[in-house]
Engineer: 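Dropping the structure in here first, questions after.
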Amino acid sequence: MALRSLSRRLGSRILSYRSSVASLHSHATSFGFQEVKEEEKSKLVGNVFTNVASSYDIMNDVMSGGLHRLWKERLVGKLSPFPGMKHLDVAGGTGDVAFRIYDAVYSVKRRALNKVDEASLEETQIYVCDINPNMLNVGKQRAAERGLRDNKSLVWVEGDAEALSFDDNSMDGYTIAFGIRNVTHIEKALAEAYRVLKRGGRFLCLELSHVDIPIFKDIYDLYSFQVIPNLGELIAGDRESYQYLVESVRKFPPQERFASMIADAGFEKVEYENLVGGVVAIHSAIKL
């Protein structure tokens with residue numbers, strides 16, 4: 001009996017060890033609250049955004065009460081776009097941030113104040129990069145509705161935040177709004193942002209973040225888990241994608257830790273600003 005018991009314990013330990021070794025070699029990562037293999041995450045995230053592409057903008061309006069528009073304006077204000085700039089907006093398929101940058105550069109008031117010449121305007125390049133072609137198609141359609149279908153300042157690129165196709169030191173600015181928490185390796189995305197930026201280039205990230213105010217946190221959690229998935233089902237016919245959204249926010253690094261990750265990528269002057277008590281945060285940094 002004792003021998004049989006010992007054998008069972010040893011067998012249990014060996015199975016446990018094998019399981020832990022297997023999990024190490026499978027390189028698990030989070031997809032919301034689920035643990036999945038790294039190679040599976042990009043496909044799962046891709047499915048989410050394929051499903052929500054057509055209703056993405058209206059859901060942003062409904063979920064945030066329209067506040068996402070103000071948050072994006074704040075992001076672009078911190079960027080301080082200028083004529084002739086080369087800018088990369090990653091995970092920006094629907095064009096929401098890119099259009100704001102374009103409007104800031106081409107603002108009639110700004111042009112009058114700064115006496116901008118047409119030549120520098122024509123050199124402006126705003127690259128909208130997204131891994132999901134369905135999101136890009138929504139952005140292109142929105143550009144057409146704005147009369148910008150063939151505008152040479154807006155360039156639509158299908159690409160991966162972790163393996164950008166742009167040259168080293170080629171961009172004056174880099175933005176990513178509500179996208180970096182969806183990548184498999186945040187460190188790789190940050191390293192790529194650093195690589196493509198010129199010296200003096202600005203990095204700006206707008207992302208759903210962590211609320212620390214006790215009572216507000218409880219209300220926010222209740223809204224996130226009880227209301228948002230139901231809105232997704234009602235408006236987009238897709239509860240699961242919006243369940244993933246709220247779960248992915250909880251798995252994203254808190255503000256201070258994400259700031260440290262940006263610094264570890266080589267950036268200087270790393271700062272962040274909480275909006276609405278930390279519901280969202282804007283992280284900014286410079287490549288020196």
Side-chain angles (χ1 to χ4, degrees), residues 45-46 48-49 52-53 55-81 85 87-105 126-132 134-136 138-140 142-143 154-162 164 171-183 186 189-190 192-193 196-197 201-210 228 241-242 244-246 248-249 252-253 255 258-259 261-262 265 267 270-276 278-285:
V45 171
V48 166
F49 285 95
V52 305
S55 57
Y56 185 76
D57 289 319
I58 189 169
M59 276 298 295
N60 281 345
D61 275 330
V62 172
M63 289 187 299
S64 71
L67 286 174
H68 77 101
R69 298 170 182 267
L70 299 177
W71 300 336
K72 289 166 184 170
E73 291 288 350
R74 180 68 174 164
L75 178 79
V76 173
K78 283 177 173 283
L79 176 67
S80 297
M85 77 181 303
H87 183 81
L88 176 60
D89 181 45
V90 175
T94 64
D96 236 18
V97 172
F99 294 141
R100 284 172 167 79
I101 294 170
Y102 178 90
D103 290 344
V105 169
I126 303 165
Y127 296 90
V128 187
C129 178
D130 201 295
I131 199 169
N132 191 296
N134 294 282
M135 297 289 281
L136 286 169
V138 172
K140 291 174 184 176
R142 291 182 67 197
L154 289 168
V155 185
W156 306 86
V157 180
E158 187 176 338
D160 186 346
E162 296 183 30
L164 296 170
M171 298 290 165
D172 297 294
Y174 174 111
T175 49
I176 182 166
F178 306 124
I180 203 162
R181 76 177 186 284
N182 297 311
V183 305
I186 294 173
L190 291 173
E192 281 292 270
V196 301
L197 279 170
R202 299 288 310 280
F203 168 89
L204 285 153
C205 175
L206 170 65
E207 189 54 88
L208 293 161
S209 201
H210 295 265
I228 288 178
S241 292
Y242 288 93
Y244 159 73
L245 182 150
V246 297
S248 67
V249 174
F252 188 68
Q255 289 90 321
F258 184 48
M261 294 172 73
I262 296 169
F267 287 101
V270 181
E271 301 174 347
Y272 69 86
E273 177 186 16
N274 282 331
L275 302 175
V276 196
V279 170
V280 297
I282 299 176
H283 283 74
S284 61

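Treat the numbers as computed from the prediction; the structure is a model and nothing was measured.
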Engineer: Could I get the full list of ring pair (Phe, Tyr, Trp, His ring centres under 6.0 Å) partners for Y102, not counting sequence neighbours?
Structural biologist: Y106

Engineer: Does any part of the side chain of D130, heavy atoms only, come nearer than 4.5 Å to the side chain of V128, both counted from C-beta?
Structural biologist: no

Engineer: Hey, could you give me the CG/CZ distance between L79 and R202, rounded to the nearest 0.5 Å?
Structural biologist: 7.0 Å

Engineer: Sequence neighbours left out, what passes side chain to side chain contact (heavy atoms under 4.5 Å, CB included) with K72? Give chain and number order.
Structural biologist: N60, H68, D96, V97, R100, F178, L206

Engineer: Quick one: side chain to side chain contact (heavy atoms under 4.5 Å, CB included) partners of V155, sequence neighbours excluded?
Structural biologist: Q125, Y127, V157

Engineer: Applying side chain to side chain contact (heavy atoms under 4.5 Å, CB included), name anything that partners E273, two or more places apart in sequence or on another chain.
Structural biologist: R74, K78, L275

Engineer: Suppose we screen for ring pair (Phe, Tyr, Trp, His ring centres under 6.0 Å). Which residues come up paired with H283, at least two apart in sequence or across chains?
Structural biologist: F258, Y272

Engineer: Is there a side-chain contact between I180 and L190, using heavy atoms and a 4.5 Å cut-off?
Structural biologist: yes

Engineer: Side chains of I282 and W71: does their closest heavy-atom pair fall under 4.5 Å?
Structural biologist: no

Engineer: Rounded to the nearest 0.5 Å, how far does CD1 of I126 lie from CG of D89?
Structural biologist: 9.0 Å

Engineer: Quick one: ring pair (Phe, Tyr, Trp, His ring centres under 6.0 Å) partners of F203, sequence neighbours excluded?
Structural biologist: Y174, F267

Engineer: Would you give the length of the straight line joining atom CG of L204 to atom NE2 of H87, rounded to the nearest 0.5 angstrom?
Structural biologist: 8.0 Å

